[in-house]
Amino acid sequence: MRVPRSALLLVGSPKAGRSASGALGEYLLDRLAHRGLTTEMMSVSKAYKSPAEAEALCAAVDAADLVVLASPLYVDSLPAPVMKMLEIVAEHRRQGDGAAPAAAHGTPALVAIVQSGFPEADHNAVALAICRAFACAAGLDWRGGLAMGGGGMTDGRPLGELGGMMRQRMRALDLAAAALAAGQAVPDEAVTLMSKLPIPAVLYRLMGDLGWRRQARSNGARRRLRARPFAGG
Amino acid sequence: MSSRRVLLLDGRRDDDATLVSVSAALDDGLRACGLAVDHWLLRDEAIAPCAGCFGCWVKTPGVCVNRDAGRAVAERIMKSDLLIFLTPVTFGGYSSELKKALDHIIPILLPHFRAVDGGTRHRLRYAEYPDLLAVGVLSDAAADPALEAETFRELVARNALNFRPEHWAAGVVPSEAGPLEIGVIVSGLLGKVGARGELVSIGHPRNAAFTAPEEVAS
């Protein structure tokens with residue numbers, strides 16, 4: 001496999017501010033930069049709203065050696081703006097004589113990180129399968145995917161600020177960066193480490209439920225939390 | 001006239017001939033059964049992407065905080081008895097047009113977690129939910145049609161686990177299917193939707209994965 005010289009991070013979170021997906025992607029991008037790759041970051045949400053940004057994103061994908069897609073899970077799949085971006089990029093790369101445009105240094109590669117608020121990483125399996133099929137359709141080399149559960153624990157903060165709680169996830173991304181920078185696929189050990197929740201699932205669910213109640217209370221909605229506005233047809 | 005109401009979320013991106021034919025066959029088949037069909041062509045709707053703010057859970061529980069057509073998704077779903085997804089199979093998933101509506105489905109659930117089959121899902125907000133039928137049109141240009149069909153099936157199965165419809169089914173129509181084949185396929189799908197969790201074979205070799213019935217765990 002070809003050794004990449006540049007990496008492009010596409011952040012798929014529709015959130016305006018900080019996001020767990022952005023934090024994971026930025027950590028990996030930083031690790032790749034430390035290994036000598038030039039790096040660039042783009043927002044999928046901006047490209048969704050602006051044809052000019054979408055065009056720039058397509059050009060950036062063509063020019064990159066390694067594309068990193070970091071996205072949250074929305075309803076068992078990728079968010080609508082990410083799906084739209086995949087559709088646009090695949091169509092763009094199928095244009096011309098039916099062949100993908102040549103990248104600066106050959107065929108770009110794709111690696112995907114998908115995270116969700118559920119404790120189990122397996123929820124992200126379909127989204128990663130979609131990313132893989134997209135890579136095939138767009139003429140990108142698939143370098144593998146990383147699935148993470150418990151995304152809510154990061155609160156969108158840089159991983160380095162989260163201490164021991166994210167130690168295994170950072171180790172997973174370190175291993176992934178080493179392999180990707182060498183032109184290799186994400187190793188199995190990284191996939192396994194990324195999938196491990198640092199606390200028991202039952203505790204995570206309990207903490208999550210308490211967090212929802214606390215947020216509802218702060219919004220004055222605690223008593224309406226279980227409202228059924230459309231019950232009875 | 002049946003009192004059953006159908007909401008058809010049409011996620012077509014363009015006027016692909018097969019998708020248009022499947023759409024017409026669905027409408028005709030449903031109306032022939034006396035069902036009232038609310039056919040929602042999503043590409044005509046300006047629905048802002050779900051912002052991931054969770055306001056529909058913790059600010060205005062059950063209702064999206066954004067006042068555009070996306071707010072109507074949960075209401076129209078909960079006022080239907082049969083929910084149909086129609087979409088081009090897009091890398092094994094749904095089109096961005098269908099997804100821009102489906103991303104607004106989360107207020108029909110509660111934020112609280114529940115343990116299901118060794119995993120975690122959100123608790124149900126309502127006592128009853130509509131049945132679910134998902135129909136995908138699979139391009140003959142797909143690099144690995146069998147894999148994309150299986151990914152689509154798995155996606156629908158996971159969606160069904162979210163709100164546990166009493167009945168659900170999924171099927172894929174190959175884009176090269178002619179009008180006669182489409183009619184047979186759609187009739188079969190509509191006939192099968194009453195079978196609990198049954199997946200539908202549509203008479204095409206690459207959809208062999210759809211021949212085995214599979215129940216939604218309860």
Side-chain angles (χ1 to χ4, degrees), chain A residues 13-16 19 45 48-49 72 74-87 90 94 118-120 122-123 125-127 129-137 149 201-202 204-206 208-209 211-221 224-231 233, chain B residues 5 13 47 49-55 57-63 74-75 77-81 90-103 105-108 110-115 118-121 125-128 141-144 147-148 150-151 154-155 158-159 161-162:
Chain A
S13 174
K15 290 184 178 176
S19 69
S45 286
Y48 184 75
K49 294 169 186 165
Y74 270 31
V75 195
D76 305 304
S77 176
L78 298 165
V82 177
M83 288 305 299
K84 182 74 175 178
M85 186 269 292
L86 300 189
E87 291 166 353
R94 280 196 295 257
F118 293 111
E120 303 85 13
D122 177 65
H123 285 274
V126 166
I130 288 170
C131 292
R132 183 173 190 165
F134 157 73
C136 196
V202 64
Y204 179 87
R205 286 193 285 264
L206 179 65
D209 286 352
W212 296 122
R213 291 192 188 105
R214 187 171 59 246
Q215 288 184 60
R217 190 180 303 117
S218 69
N219 291 310
R224 292 180 285 115
L225 196 53
R226 293 173 185 269
R228 294 175 172 179
F230 310 123
Chain B
R5 296 155 300 183
R13 296 180 59 215
I47 298 176
C50 171
C53 68
F54 301 121
W57 279 341
V58 297
K59 289 183 179 173
T60 55
V63 181
E75 180 173 10
I77 287 174
M78 291 314 302
K79 289 183 175 175
S80 70
D81 300 293
T90 306
F91 315 122
Y94 305 141
S95 71
S96 60
E97 294 295 340
L98 176 58
K99 201 63 181 27
K100 77 182 182 187
L102 282 188
D103 285 351
I105 203 174
I106 65 166
I108 73 170
L110 292 170
H112 312 80
F113 291 127
R114 62 190 165 111
T120 304
R121 294 275 159 178
R125 182 178 295 277
Y126 294 93
E128 292 181 349
D144 190 339
L147 187 59
E148 288 201 30
E150 179 54 27
T151 301
E154 179 64 22
L155 176 55
R158 290 180 180 222
N159 285 172
L161 267 179
N162 289 336

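So that the names make sense, note that chain A is the first sequence line, chain B the second, and so on, each numbered from 1.
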Within the 4.5 Å heavy-atom criterion, are [X] and [Y] side-chain neighbours or not?
X	Y	answer
B:Tyr126	A:Pro229	yes
A:Asp209	B:Pro111	no
B:Pro61	A:Arg226	no
B:Lys100	A:Tyr48	yes
B:Asn162	A:Val75	yes

Exercise. Quick one: which of B:Gly92, B:Ala143, B:Gly119, B:Ala141 has the most heavy-atom pairs under 4.5 Å with chain A, could you say?
Key: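 Most heavy-atom pairs under 4.5 Å with chain A: B:Gly119.
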Practice problem: For each of B:Ile106, B:Ile105, B:Thr151, tally heavy-atom pairs with chain A at distances under 4.5 Å, and name the one with the top tally. | Solution: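 Looking at each of B:Ile106, B:Ile105, B:Thr151 in turn, B:Thr151 comes out on top.
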Based on non-hydrogen pairs under 4.5 Å, which of [options] is most in contact with chain B?
options	answer
A:Ala129, A:Ser19, A:Ser77	A:Ser77
A:Ala133, A:Ala201, A:Cys136	A:Ala133
A:Pro119, A:Ser45, A:Gly208	A:Pro119
A:Arg228, A:Gln215, A:His123, A:Arg132	A:Arg228
A:Val82, A:Ile130, A:Leu78, A:Leu86	A:Ile130
A:Ser13, A:Pro79, A:Gly211	A:Pro79

Considering all heavy atoms, the nearest [X]-[Y] contact:
X	Y	answer
A:Leu225	B:Arg125	O-NH1, 3.1 Å
B:Gly52	A:Lys15	O-CE, 3.1 Å
A:Asn219	B:Val58	ND2-O, 3.0 Å
A:Ala125	B:Arg158	CB-NH2, 3.9 Å
B:Val63	A:Phe230	CG2-CZ, 4.0 Å

Which portion of [X] sits near chain A, non-hydrogen atoms under 4.5 angstrom:
X	value
B:Tyr94	backbone
B:Thr60	backbone
B:Ala142	neither
B:Arg121	both
B:Asn159	both
B:Ala74	both
B:Leu102	backbone
B:Glu148	side chain

Enter the distance from [X]:[atom1] to [Y]:[atom2] here, rounded to the nearest 0.5 Å.
X	Y	atom1	atom2	value
B:Glu97	A:Glu87	CD	CD	7.5 Å
B:Phe113	A:Trp212	CZ	CH2	6.5 Å
A:Met83	B:Ser96	CE	OG	7.0 Å

Quiz item: CZ of B:Arg114: more than 12 outside heavy atoms within 6.0 angstrom?
Solution: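 Enclosed: over 12 neighbouring heavy atoms sit under 6.0 Å from CZ of B:Arg114.
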Exercise. Look at the rings of B:Phe91 and A:Phe134 and say which category their plane angle falls in: under 30° parallel, 30 to 60° tilted, over 60° perpendicular.
Key: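 Perpendicular.
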Quiz item: With only heavy atoms counted, which part of A:Arg213 is less than 4.5 Å from chain B, the side chain, the backbone, both or neither?
Solution: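 Only the side chain of A:Arg213 comes within 4.5 Å of chain B.
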